[in-house]
2 protein chains.
Amino acid sequence: MLEARLQQGSLLKKIIEAIKELVTDANFDCNDSGIALQAMDNSHVALVALLLRANAFEPYRCDRNLSLGISIANFAKLLKCGANDDTITIEADENGDSLNLTFENETGDRTSQFELKLMDIDSDHLGIPETSYDAVVKMSSAEFQRICRDLSTLSESVTIDCTKEGVKFQAVGDLGAGNITIKQGASIDQEESTTIDLQQNCSLTFSLKYLLNFTKATPLASSVTLSMSNEVPLLVEYKINEVGFVRYYLAPKIEE
Amino acid sequence: MLEARLQQGSLLKKIIEAIKELVTDANFDCNDSGIALQAMDNSHVALVALLLRANAFEPYRCDRNLSLGISIANFAKLLKCGANDDTITIEADENGDSLNLTFENETGDRTSQFELKLMDIDSDHLGIPETSYDAVVKMSSAEFQRICRDLSTLSESVTIDCTKEGVKFQAVGDLGAGNITIKQGASIDQEESTTIDLQQNCSLTFSLKYLLNFTKATPLASSVTLSMSNEVPLLVEYKINEVGFVRYYLAPKIEE
DNA sequence: TTGTCAGGCT
DNA sequence: AGCCTGACAA
């Protein structure tokens, strides 16, 4: 039996929007500490990890571990049936063949209930090692999105170089070439300011199509963290205040 | 060697937006007095002339005359990679096979560089005679845009009549007919006020498709000047404060 | 390629 | 506050 009530329903909507393009079906693993999801994207190139801590909900109740196989696309459809400032409650009972969604508006004079059929999903549960990275860049999520969007007009892929001076995004294409350099900590605004935690310079190349996809999570956080080591998958993390995170992993393109 | 730095980058973006629909490739002629462009539109019906004076830039440096063959479409793409309040620097070196674009944000913690490949373009350099016109109408650019937009729902072409009383725009089409008359000096606001400098009444008919295209320059100036003489191409001019102008020329339709 | 939706600008 | 442009999904 799971019961989880989320005051800020828009949060769940945004989270599902942030992953639905990449993952069509996935297991939501629920236990008393919260709800987690881990899944390879449809083309088995990227990996998505999501955590919603129990204390994000009020109340939160989960008697025993449950793995809810959810069609993300259908879940997203049902979530659109709730208004942004509705409270959302999700419930699953013991037999676990369906998920109940309840929307309540602020004044409490409207209640909507939806039932989502659950499915059996083979979980390719990859253990993700908690690595330490050579470079950890924290920057404005909007700026990261803008950079990915701009550079994708030039090329399919971007090379990210991290040095003490800053982080440089480069793309080369038919109509020309472009690079964008962000210096560390120049901005005064704390949230917007870029910080670079550098153990070692690194240079990696990634598919812009995937990065652009990751930036669907931009509405969830004002900043994003890019963690890199040479020849190791990039970690792109959006921390959601007091709630949890959405993380994306993407392997670098290998130099030929 | 050309180096030109424009504080208000949005200006260049707007200028290119104002001409890109008409002209896909054109030579930018640079000398020590500034940057100029003259080109027939793709269908060789209209003519576009652009001037950016050297003093619009700070600094401006152009050692020797250069003719930069630019794909306007690609230039526009790269310009979109800069934010509106970025400073833009354009540079071209001696061999002139590429143009460098640099964007810097206000705080200076982000620098973006883009390289645009140049091309060889045959310039059909038409000398434009500095005529004196029978009627010169200065009016609100927004109002002119609105008139063109409204009348193009009625017809393909508009007839403009200038008399002492004012300027009348007429269109006749299948669903009916319409005309809009602007009287001289009706508005109090100086910039918005319409003035008509009339030597002789005139009446000319133009393609609305082209006029509508010219009004892409509306964001560049609050007023527009229409200069007309019977059976002579119309001159539509947007003066850009302290910077230069965008001019469009369009031959009238001939009465059958 | 078209229609819908969100964000930015005037 | 309204209009317009750009982005995103079907």
Side-chain angles (χ1 to χ4, degrees), chain A residues 9-11 13-25 41-43 46 71-86 140-154 156 192 207-222 224 238 246 248, chain B residues 8-21 72-86 103 105-106 139-150 152-153 187 189-192 212-224 238 240-241:
Chain A
S10 60
L11 202 54
K13 297 176 72 164
K14 285 180 198 160
I15 288 168
I16 298 305
E17 288 302 310
I19 68 172
K20 77 166 184 195
E21 193 95 353
L22 286 165
V23 180
T24 52
D25 310 297
D41 87 296
N42 298 327
S43 48
S71 152
I72 308 281
N74 292 342
F75 194 27
K77 275 188 198 168
L78 293 191
L79 284 171
K80 287 201 177 136
C81 301
N84 274 332
D85 36 17
D86 283 357
S140 150
S141 61
E143 192 154 33
F144 179 60
Q145 182 174 44
R146 177 73 197 262
I147 289 168
C148 292
R149 195 193 300 146
D150 286 347
L151 292 184
S152 47
T153 65
L154 293 180
E156 305 274 296
E192 298 296 303
S207 154
L208 275 165
K209 176 169 152 256
Y210 282 92
L211 294 186
L212 212 46
N213 228 317
F214 299 169
T215 64
K216 299 252 166 71
T218 304
L220 287 168
S222 61
V224 62
Y238 294 84
V246 180
Y248 303 93
Chain B
Q8 196 185 349
S10 60
L11 203 53
L12 188 57
K13 299 176 71 165
K14 285 180 197 160
I15 289 169
I16 297 304
E17 287 302 309
I19 67 171
K20 78 167 184 195
E21 193 96 354
I72 308 282
N74 290 344
F75 194 28
K77 271 190 199 169
L78 293 191
L79 285 171
K80 285 194 180 143
C81 300
N84 276 332
D85 37 17
D86 283 355
F103 302 105
N105 67 350
E106 288 161 304
M139 64 185 290
S140 151
S141 62
E143 191 154 32
F144 178 60
Q145 182 175 44
R146 179 69 199 265
I147 289 169
C148 292
R149 196 192 301 147
D150 288 348
S152 52
T153 65
S187 170
D189 184 345
Q190 298 288 350
E191 282 304 302
E192 300 295 304
L212 210 47
N213 229 318
F214 299 168
T215 64
K216 299 252 166 69
T218 303
L220 287 167
S222 60
S223 66
V224 61
Y238 295 84
I240 313 166
N241 284 339

Please determine if B/Lys216 and B/Glu21 form a salt bridge, counting it only when a charged side-chain N lies under 4.0 Å from a carboxylate O.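 Yes, this pair counts.
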[atom1] of [X] versus [atom2] of [N]: gap in Å, rounded?
X: A/Gln145; N: C/dG8; atom1: CD; atom2: P; value: 11 Å
X: A/Asn74; N: D/dA10; atom1: CG; atom2: P; value: 12 Å
X: B/Leu79; N: D/dG6; atom1: CG; atom2: C1'; value: 16 Å
X: A/Glu17; N: D/dA7; atom1: CD; atom2: P; value: 18 Å
X: A/Lys80; N: D/dC8; atom1: NZ; atom2: C1'; value: 10 Å
X: B/Asp150; N: D/dC3; atom1: CG; atom2: C1'; value: 14 Å
X: B/Asn84; N: C/dT10; atom1: CG; atom2: P; value: 8 Å
X: B/Lys14; N: D/dT5; atom1: NZ; atom2: C1'; value: 14 Å

Examine the side chains of B/Tyr238 and B/Thr215 and answer whether a donor and an acceptor come within less than 3.5 Å of each other.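 B/Tyr238 vs B/Thr215: no donor-acceptor pair found between side chains.
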Spacing of A/Ile19 atom CD1 and A/Phe214 atom CZ [to the nearest 0.5 Å]: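 One finds 12.5 Å between CD1 of A/Ile19 and CZ of A/Phe214.
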A/Leu154 vs A/Leu208 side-chain heavy atoms within contact, under 4.5 Å: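 Side-chain contact under 4.5 Å: no.
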Below the 4.0 Å mark, does D/dA9 have OP1 or OP2 next to a side-chain nitrogen or oxygen of A/Lys216?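 Affirmative; the distance criterion is met.
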Would you indicate, yes or no, if D/dC4 has its OP1 or OP2 atom less than 4.0 angstrom from a side-chain nitrogen or oxygen of B/Arg149?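 The answer is yes; a side-chain N or O of B/Arg149 sits under 4.0 Å from OP1 or OP2.
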